[in-house]
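No hydrogens, no waters, no symmetry mates; every other heavy atom, side chains included, goes into these values. Model, not experiment: these values are computed from the prediction.
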Amino acid sequence: MAYENVVLSREAKKGFVERMKKAFVEDDIVGLKEISNEAIESVALVEDKDLVDISLIAYSLYKLISKPHYTEGRSWAMFVDDVLDDLDEVHALVRAGKDLHGILEEDIMRDIAIMDESYSNYLKDVLYKARIKQASRLYALGLSLNRAVALTGADKFKVAAYVGTTRIHDRPFTQTKSVKERLGYVREVLG
Amino acid sequence: MSKARDYDHGRTIVCDASALISLSENCLLWLLYDLDADFVIPKSVKEEIVDRPLASERFEFKAMRLAKAVDDGVLRVVEDRRAWSLARKLERSANRLLKKRRKPVTVMHVGEADALGLAMQMKAIYLLDERTTRLVVEDPDSLKRYIEARMHIDLDLDKRVAKDLREDMNGVRIIRSAELLAYAYEKGLLERLGFNGRVLHAGLFALKFAGCAITDDEIRDYLRIMQK
């Protein structure tokens with residue numbers, strides 16, 4: 001994605017919501033994942049809580065639609081209707097320049113949490129995992145760990161562990177001093 | 001809670017939460033007991049790794065181990081107003097370092113600045129596993145190039161801010177949990193774990209997998225220099 005072209009205006013948010021609705025209706029897992037990643041990458045440059053929520057919701061929806069034990073559950077059809085209605089409302093709110101916080105967090109995320117709790121095989125819910133994943137994405141882009149955690153609401157213990165399993169720390173420009181020099185600092189203090 | 005001036009700072013190591021998490025996850029907190037240093041944390045780090053997780057079912061047990069280190073006096077909590085002011089100043093500067101079309105890019109959080117501010121105030125070694133704060137301190141130009149490469153954008157480094165930061169930080173020395181482990185290996189403290197030389201290899205990778213910002217190349221460097 002070309003960050004140069006990201007314009008964090010009403011139009012950009014509207015675009016994310018429209019794409020998310022279309023991808024959800026079409027069971028487009030790849031599309032939802034892309035939306036989630038693009039939204040969180042925008043947040044790396046400009047703090048925007050709505051975009052964090054949009055990223056987390058898109059990620060969660062992508063995870064839910066990729067698991068048959070959710071989509072074949074009895075509540076799935078009602079869940080889809082609720083989310084689509086909410087996304088229509090988000091779209092209207094964005095167009096009116098209104099605050100999205102309530103509907104994103106209190107409606108859509110609550111619906112996701114309820115669906116997840118009903119059918120999940122795991123203790124850790126899909127939104128929880130979304131926060132960790134997207135926090136690690138922000139860290140991978142260069143934000144500090146605490147900054148990434150603060151923006152996404154993820155647990156730092158879990159993000160640190162997740163980051164450790166990736167190649168983030170092996171990327172160029174991350175090594176600043178030799179290990180010999182650093183070990184020398186310890187020897188200076190401890191003998 | 002202690003004040004920064006109450007102790008001999010010659011053997012003081014100020015700890016960021018990131019390094020304590022890496023050590024704790026690998027059951028290596030005992031290193032802090034065995035190494036002859038004064039391990040210090042600001043109140044915000046204690047809140048982060050002890051107080052808040054103790055209130056969570058998910059992390060309560062992890063927090064208990066760290067809480068014990070605090071209760072045992074191995075991790076000393078220090079509150080210092082000057083360090084706090086310094087931290088706020090550092091955070092503001094760090095978040096004005098890089099700009100995209102003259103708009104600052106916020107890279108650092110106050111949480112990281114607190115421990116750094118205390119290390120500067122106490123003129124102590126700073127134990128930090130997190131990568132971005134280390135780059136801010138040691139090589140802001142590398143941070144700029146890292147973010148540019150990851151985000152495919154062009155950034156400007158504010159050279160005046162970078163100069164002011166460098167002067168304020170006055171040569172803060174950063175070590176990671178990996179350095180503590182390597183030092184412990186050098187001093188024979190890891191012999192109790194067995195496995196001879198393999199324990200250093202395993203330990204360094206374990207810290208990496210727990211989030212310590214060390215590269216595979218650096219681990220190889222350690223194995224080369226420590227196992228001659």
_Against B:Lys62, only a single residue in B:Glu48, B:Glu25, B:Glu57 fulfils salt bridge (charged side-chain N to carboxylate O under 4.0 Å, His left out); can you say which?_
B:Glu25

*Under the 3.5 angstrom rule, does the side chain of A:Asp170 hit a backbone N or O of B:Thr215 as a donor-acceptor pair?*
no

*Specify which of B:Ala178, B:Ala149, B:Ala210 makes the most heavy-atom pairs with chain A at under 4.5 Å.*
B:Ala210

*When only pairs under 4.5 Å are counted, which of B:Lys103, B:Arg173, B:Met108 shares the most heavy-atom pairs with chain A?*
B:Arg173

*asked:* Quick check on the interface: out of A:Leu190, A:Thr174, A:Leu138, A:Val186, who has the most heavy-atom pairs with chain B under 4.5 Å?
replied: A:Leu190

*Can you tell which part of A:Glu188 gets under 4.5 Å to a heavy atom of chain B, answering side chain, backbone, both or neither?*
side chain

*Pick from A:Ala150, A:Gly191, A:Ala148 with the largest number of heavy-atom pairs that fall under 4.5 Å of chain B*: A:Gly191

*Between A:Val163 and chain B, which part of the residue has a heavy atom less than 4.5 Å away: side chain, backbone, both or neither?*
neither

*Derivation and outcome, side chain to side chain contact (heavy atoms under 4.5 Å, CB included), residues A:Val43 and A:Glu47*: CA-CA 5 Å; A:Val43 171; A:Glu47 186 171 339; 5.5 Å; no

*Per-residue contact mode, A:Tyr162 against chain B (heavy atom under 4.5 angstrom)*: neither

*asked:* Run the side-chain hydrogen bond (donor to acceptor under 3.5 Å, both in side chains) test on B:Tyr222 and B:Glu179 for me, step by step, so that the C-alpha distance in whole Å, both residues' side-chain angles and the decisive distance to 0.1 Å come before the verdict.
replied: CA-CA 9 Å; B:Tyr222 261 128; B:Glu179 275 72 53; 2.7 Å; yes

_The test is side-chain hydrogen bond (donor to acceptor under 3.5 Å, both in side chains); show your working for A:Thr176 and A:Arg182 and say whether it passes._
CA-CA 10 Å; A:Thr176 42; A:Arg182 288 201 200 282; 2.9 Å; yes

*Kindly confirm or rule out a cation-pi arrangement of B:Arg131 over B:Tyr146, judged by NZ or CZ under 6.0 Å from the six-membered ring centre and within 45° of its axis?*
yes

*Pick from B:Asp129, B:Asp217, B:Asp216, B:Leu143: which one has the most heavy-atom pairs with chain A under 4.5 Å?*
B:Asp216

*Side chain, backbone, both or neither: which part of A:Ile168 has a non-hydrogen atom closer than 4.5 Å to chain B?*
both

*Donor-acceptor under 3.5 Å (A:Arg131 side chain, A:Thr152 main chain)*: yes

*Would you kindly check if the NZ (Lys) or CZ (Arg) of B:Arg52 is within the cone defined by 45 degrees around the ring axis of B:Phe59 and under 6.0 Å from the six-membered ring centre?*
no

*Among B:Glu112, B:Arg134, B:Glu186, single out the residue with the greatest number of heavy-atom pairs under 4.5 Å to chain A.*
B:Glu112

_Does any backbone or side-chain atom of A:Ala44 lie under 4.5 Å from a heavy atom of chain B? Answer side chain, backbone, both or neither._
both

_Over-ring placement of A:Arg74 relative to A:Trp76, 6.0 Å and 45° cut-offs_ = no

*Go through the atoms of B:Ile214 and report whether side chain, backbone, both or neither lie under 4.5 Å from a heavy atom of chain A.*
backbone

*Pick from B:Val105, B:Ile175, B:Asp36 with the largest number of heavy-atom pairs that fall under 4.5 Å of chain A*: B:Ile175

_Only pairs of heavy atoms separated by less than 4.5 Å count here; which of B:Val107, B:Leu180, B:Leu35, B:Ile125 has the most with chain A?_
B:Val107

